[in-house]
There are 2 protein chains.
Amino acid sequence: MKAQALHGHLDALLLAVLERGALHGYAIIEALRARSEGQLDLPTGTVYPALRRLERAGHVASAWSTVNGRERRTYELTDTGRRALADQRSGWREFSATVGRFLDPGPAPAG
Amino acid sequence: MKAQALHGHLDALLLAVLERGALHGYAIIEALRARSEGQLDLPTGTVYPALRRLERAGHVASAWSTVNGRERRTYELTDTGRRALADQRSGWREFSATVGRFLDPGPAPAG
DNA sequence: CTTCATAGGTAGGAAAGCTACCTGTCAGGG
DNA sequence: CCCTGACAGGTAGCTTTCCTACCTATGAAG
């Protein structure tokens, strides 16, 4: 699946995976891939800048932690981020309902 | 609702409204607004260029028709466009299912 | 002629994501 | 020590898409 279509929803996805616990960037990419059953395979060039955007916006906080002798920047949801996620969720429902009205025929899957 | 979030899905929406019959640009905007119950109120600066893109891609064909003594450019779905729409529909299902996996908790709407 | 509603159109700008590239650590093989 | 490969983080420049703002034009009302 093309991630280009994510436009505007990527941030929400990122917040959603962080909702289950702090992760470092690379692990976020893997979580996205795992939870989407391989549908979302985002390049680092997409995710890292997005995380920085989220941090600038105050939605996530990052901290360097040394794991296995290696520096990993771990991202964690802030309170603001949690609120933003809730917001994005309702935004997503509205959006998918609206677009679905046009693209999901709905009651006619038989054929 | 912000149409910015449409990114990449606008074309599909336009094809979807044209599926029900040929319309001119302005009428397409009104159809979008009507069928979305006011959620989608796209500016002409968004729709007209999009229609031209679709025409270049061969998904729609346009023809000038004189109605009420006025020239109106009427857009119609082509066969290619119909196929593209079907394609976009399945793309949309995949997309909404994938993003929904993260943003729709799903089985917990009671609350 | 001016104003309003309808209708079509363009230019320039901003945002988001992608491709391609670069840096650096740790482990294994030579 | 050097090289390679898997992991991890990061940046620059490009393209696409959509939006804001503006312009043109018709027909009716005054």
Side-chain angles (χ1 to χ4, degrees), chain A residues 1-15 22-34 36 39-57 59-60 62-75 88 91-92 95 98-99, chain B residues 1-15 17 22-34 36 39-57 59-60 62-75 88 91 95 98-99:
Chain A
M1 194 182 100
K2 281 295 145 80
Q4 314 157 293
L6 283 180
H7 201 100
H9 303 295
L10 173 61
D11 290 8
L13 256 37
L14 259 19
L15 294 176
L23 290 173
H24 61 280
Y26 200 86
I28 289 173
I29 292 174
E30 291 179 328
L32 246 6
R33 192 164 42 218
S36 70
Q39 297 283 280
L40 289 173
D41 193 8
L42 305 184
T44 65
T46 291
V47 174
Y48 289 125
L51 286 170
R52 294 178 76 73
R53 269 201 297 275
L54 287 173
E55 186 167 25
R56 268 211 309 266
H59 295 337
V60 303
S62 72
W64 285 101
S65 36
T66 308
V67 181
N68 298 329
R70 262 193 259 181
E71 297 287 281
R72 300 193 302 184
R73 196 200 279 264
T74 306
Y75 290 90
Q88 301 252 30
W92 164 252
F95 172 76
T98 301
V99 177
Chain B
M1 193 182 97
K2 281 293 145 81
Q4 314 158 293
L6 284 180
H7 203 98
H9 303 294
L10 173 62
D11 289 8
L13 255 38
L14 294 178
L15 295 176
V17 300
L23 289 174
H24 61 280
Y26 200 86
I28 290 174
I29 293 174
E30 291 180 328
L32 245 7
R33 193 164 41 217
S36 70
Q39 297 283 281
L40 290 172
D41 193 7
L42 305 184
T44 63
T46 292
V47 174
Y48 289 125
L51 287 169
R52 294 178 78 73
R53 271 201 295 276
L54 288 173
E55 185 167 27
R56 268 210 310 265
H59 295 337
V60 301
S62 71
W64 286 102
S65 37
T66 308
V67 180
N68 297 331
R70 265 194 258 181
E71 297 288 280
R72 302 193 301 184
R73 196 201 278 267
T74 306
Y75 290 90
Q88 300 252 31
F95 172 76
T98 300
V99 177

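Note on naming: letters A, B, ... go to the chains in the order of the sequence lines (proteins, then strands), and numbering restarts at 1 for each one.
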Starting from P on D/dA6, measure out to CD1 on A/I29 and report it in whole angstrom.
17 Å
Write down the distance between CG (B/L13) and C1' (D/dC18), rounded to a whole number of angstrom.
14 Å
Should A/R53 be listed as having a side-chain N or O under 4.0 Å from OP1 or OP2 of C/dA15?
no
Rounded distance (Å) that lies between atom C1' of D/dG9 and atom CG of A/L23:
15 Å
Would you call B/L13 and B/V17 a side-chain contact if the rule is heavy atoms closer than 4.5 Å?
no
If you check the B/H7 side chain, which of C/dG17, C/dT10, D/dT16 turns out closest?
D/dT16
Atom CG of B/L42 and atom P of D/dT17 are separated, to the nearest Å, by 15 Å
Flag the pair A/H59 / A/D11 as yes when at least one side-chain heavy-atom distance between them is below 4.5 Å, and no otherwise.
no
Atom CG of B/L14 to atom C1' of D/dT17: distance rounded to whole Å?
13 Å
Could you tell me how far apart B/R56 (CZ) and C/dT10 (P) are, to the nearest whole angstrom?
10 Å
With sequence neighbours excluded, tell me which residues meet side chain to side chain donor-acceptor pair (under 3.5 Å) with B/E71.
B/T66
Report the residues that fulfil side chain to side chain donor-acceptor pair (under 3.5 Å) with A/T74, sequence neighbours left out, ordered by chain and then residue number.
A/S65
Tabulate protein N/O versus nucleotide N/O from nucleotides 6-9 of chain C, keeping only pairs under 3.5 Å, one per line.
{"residue": "C/dT6", "atom": "O2", "partner": "B/R70", "partner atom": "NH1", "Å": "3.0"}
{"residue": "C/dA7", "atom": "OP1", "partner": "B/R72", "partner atom": "NH1", "Å": "3.3"}
{"residue": "C/dG8", "atom": "OP1", "partner": "B/R73", "partner atom": "N", "Å": "3.1"}
{"residue": "C/dG8", "atom": "OP1", "partner": "B/R73", "partner atom": "O", "Å": "3.4"}
{"residue": "C/dG8", "atom": "OP2", "partner": "B/G25", "partner atom": "N", "Å": "3.3"}
{"residue": "C/dG8", "atom": "OP2", "partner": "B/Y26", "partner atom": "N", "Å": "2.6"}
{"residue": "C/dG8", "atom": "OP2", "partner": "B/Y48", "partner atom": "OH", "Å": "3.0"}
{"residue": "C/dG9", "atom": "OP1", "partner": "B/R73", "partner atom": "NE", "Å": "2.7"}
{"residue": "C/dG9", "atom": "OP1", "partner": "B/R73", "partner atom": "NH2", "Å": "2.8"}
{"residue": "C/dG9", "atom": "O6", "partner": "B/T44", "partner atom": "OG1", "Å": "3.3"}

Indicate yes or no: at least one non-hydrogen side-chain atom of B/L6 is less than 4.5 angstrom from one of B/L42.
yes
Euclidean distance, atom CG of residue A/L54 to atom P of D/dG9 [Å, nearest integer]
15 Å
List, one per line, each side-chain donor-acceptor pair under 3.5 Å for residues 50-57 of chain A, sequence neighbours excluded.
{"residue": "A/E55", "atom": "OE1", "partner": "A/S62", "partner atom": "OG", "Å": "3.4"}
{"residue": "A/E55", "atom": "OE2", "partner": "A/S62", "partner atom": "N", "Å": "3.3"}
{"residue": "A/E55", "atom": "OE2", "partner": "A/S62", "partner atom": "OG", "Å": "2.7"}

Protein-nucleotide distance (B/D41, atom CG; D/dC18, atom C1'), rounded to Å
15 Å
